[in-house]
Structures are given as C-alpha cells and as structure tokens.
Amino acid sequence: MDSASPTPVLAISLLVGLFMVASASNFYQDFYITWGDGRSKILNNGELLTLVLDKASGSGFQSKNEYLFGSIDMQLKLVPGNSAGTVTAYYLSSKGSTWDEIDFEFLGNLSGDPYTLHTNVFSQGNGNREQRFHLWFDPAADFHTYSILWNPQRIVFSVDGTPIREFKNAESKGVPFPKNQPMRIYSSLWNADDWATRGGLVKTDWTQGPFTASYRNFKANACVWSSGATSCGLSGSSSSTSTTSNAWLSEELDSTKQDRLKWVQSNYMIYNYCTDAKRFPQGFPPECNMS
Ligand SMILES: *[C@@H]1O[C@H](CO)[C@@H](O)[C@H](O)[C@H]1NC(C)=O
C-alpha cells in the first residue's frame, strides 16, 4: 500500500503539466483579435491564428494578459511568395507617452529575395536602437520560433533558439531599461509599401493578395500583471505554477549561446545602430559599449 502511494501523485502532476502545455497554445484563451474586420481568424480549436492583408485593410491581435518580464515563444510563418511591401510586426509594448517596447518586424520582399528582420528596443518612449538581419532560412516556407527573453538584466531576441540580439540592462550608464511597465503582446500584418521594401521602391502587388501570416504554439513562461501584482508561471495560467521553473528570470547567455550570437551577428546582421557612426557623430549611445 505504502509503496504504491507515490504513483497517483506522479500521475496527477503529469496531468497538470500536460494540461498546462496544452492550454498554453490556445489562441482563444490568450489573445483577442483587435482589428481587421473578420480578416484575422482563430482556427483548429484555437491552435492556429491567421492574419490577413488585402487592399482594403490589414489585421491584428493582442494578448489578453499584460506581462512584466517573460520568456515568450511564438511560431510564425510569414507571407509566402511576393510579400514585397507587407510588414508583419510581432512585439511587446506598454501604453502611454513614455512606453517601453520590444520589437520584431518582418519586412517582406520579392519572391526569391530575403525578408528583413528588423528589431528595436524602446525604453520610456525612446527607441532608435535598430538592428536588422537576414535569416539563414526562408521564414515563409515553414513555421519558425521567435522568442523574447525579458528579465531584469537583459532582453534577448532569439530565432529557433539561436540568440540574434542581446540588449543588456545599462541603467548603471544612465540608460533606462524596461522594467516597471507591464506590456502586452501585439501582432499585425499591414501594408507599408511606402517604406518597407528597398526603402519603398518596391510596391505591394495586390494581384498576389490576399496575404496571410500564420501563428501557432504560443508559450509564455512569464509574470502576468494584474491589479498591481504579478504572478509568474507558464502562460500566466491560474492553475498551480509548481510544474514550471522561473529560472528564466535570471537567465543569461551561456558560452554556446554567445558563440551562436556572434555567428548571427557576423553573418546575418545587415544594420546595427551601434556601428552607424554617421548617425551618432557625438558618440555611440552608452549601451553600445557594454561588452
Ligand atoms: C530585399 O531584397 C534585396 C535584394 O536582395 C535586399 O537588398 C533587401 O535588403 C531585401 N529586404 C527588403 C526589406 O528590402
């Protein structure tokens, strides 16, 4: 009798774990469609979300929860074929005139030409911290995982587990760091052919529309903000958080990840504000000198 007793306990905790993983990727549970007049859809019982852009409008969605720090994964499959002029934005943002924001933006391109992945970090309303990349795969051919690790020490942008950018907390050098304002997750697909592709030279080809970007497997190991307090756990689920670890709250890049980051930055980075001397004749922003 005694030797059999641990089994039901283990079974129950496994079930709780499975339930939390399953519920973590339900778009009905975690997101609202916010605009686009029915163009955006949640499909397959909440497992898939699509954003659609046609000549009349784009579309978008946002998270129900506000987060204050998190390790957040989403799989995206971008507009395939001739996506020139389209922009798919996937970002975290707070509200107000001194907002914080962490951005992924995918700028479409002609068939066969590479997408540009644009990143930026705003703190207290100030951005101007762009880094841009090409990817080592076609982001429209299949789903890939785009992740934001946001903890009090750093913000890390990753693609399929490979870090592409690290923005360290540089408060000691007087640079504000996003850490007091809870943020929602937002995404939208819209037409930006006045600037997005080759600086606006290539226009959206509406005969190729409507354009669709797809989302699945959302997973947030995050601290959910509610009435002035946070509770940390998987997907901000109200059930027990004992099955998840909050190690991400102090996570840093190990040497393997630092090597991967260097590989991406030397082979796939196409713009870095920290090396744009023309833009900063008085010297680079202080966070650029953090090794
Ligand atoms: C589109 O492709 C051109 C040619 O390869 C490239 O220069 C550009 O960076 C790509 N991305 C955008 C968004 O224009």
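First listed ligand is number 1; within each ligand, the first listed atom is number 1. What you are looking at is a predicted structure, and each value in this text was computed from that prediction instead of being measured.
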Practice item. Show your reasoning for whether ring-ring contact (aromatic ring centres under 6.0 Å, His included) applies to Tyr146 and Phe106. Key: CA-CA 11 Å; Tyr146 300 89; Phe106 301 88; 4.9 Å; yes
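Heavy atoms from both the backbone and the side chain of Pro114 come within less than 4.0 Å of ligand 1. Counting heavy atoms closer than 4.0 Å to ligand 1, residue Thr197 contributes atoms from both its backbone and its side chain.
Contact annotation for atom 7 (O) of ligand 1: protein absent (non-hydrogen atoms, distance under 4.0 Å).
Under a hydrophobic-cluster definition in which Ile, Leu, Val, Met, Phe, Trp and Tyr are linked whenever side-chain heavy atoms come within less than 4.5 Å, directly or via other members, Leu68 and Val224 are assigned to the same cluster.
Ligand 1 places these atoms under 4.0 Å from at least one heavy atom of Ala196: 13 (C). Proximity to Leu107 (heavy-atom distance under 4.0 Å) selects the following atoms of ligand 1: 13 (C). Counting the atoms of ligand 1 from 1 in the order shown, those under 4.0 Å from a heavy atom of His134 are 9 (O). Close approach to Gly108 involves these atoms of ligand 1, each under 4.0 Å from a residue heavy atom: 13 (C).
Considering only heavy atoms from C-beta on, Pro178 comes within 4.5 Å of Ile155 through its side chain. Side-chain contact check for Tyr268 versus Trp263: some heavy-atom pair is nearer than 4.5 Å. Side-chain contact between Asn128 and Glu130 is present, with heavy atoms from C-beta onward closer than 4.5 Å.
Ring centroid separation for the pair Phe218 and Phe31 comes in under the 6.0 Å cut-off.
The protein non-hydrogen atom at the shortest distance from atom 14 (O) of ligand 1 is Arg198 N, 2.9 Å. Asn109 ND2, 2.4 Å is the protein heavy atom nearest to atom 2 (O) of ligand 1.
Considering backbone and side-chain atoms together, Tyr115 places no N or O closer than 3.5 Å to any N or O of ligand 1.
No side-chain donor from either of Asn82 and Gln208 sits under 3.5 Å from a side-chain acceptor of the other.
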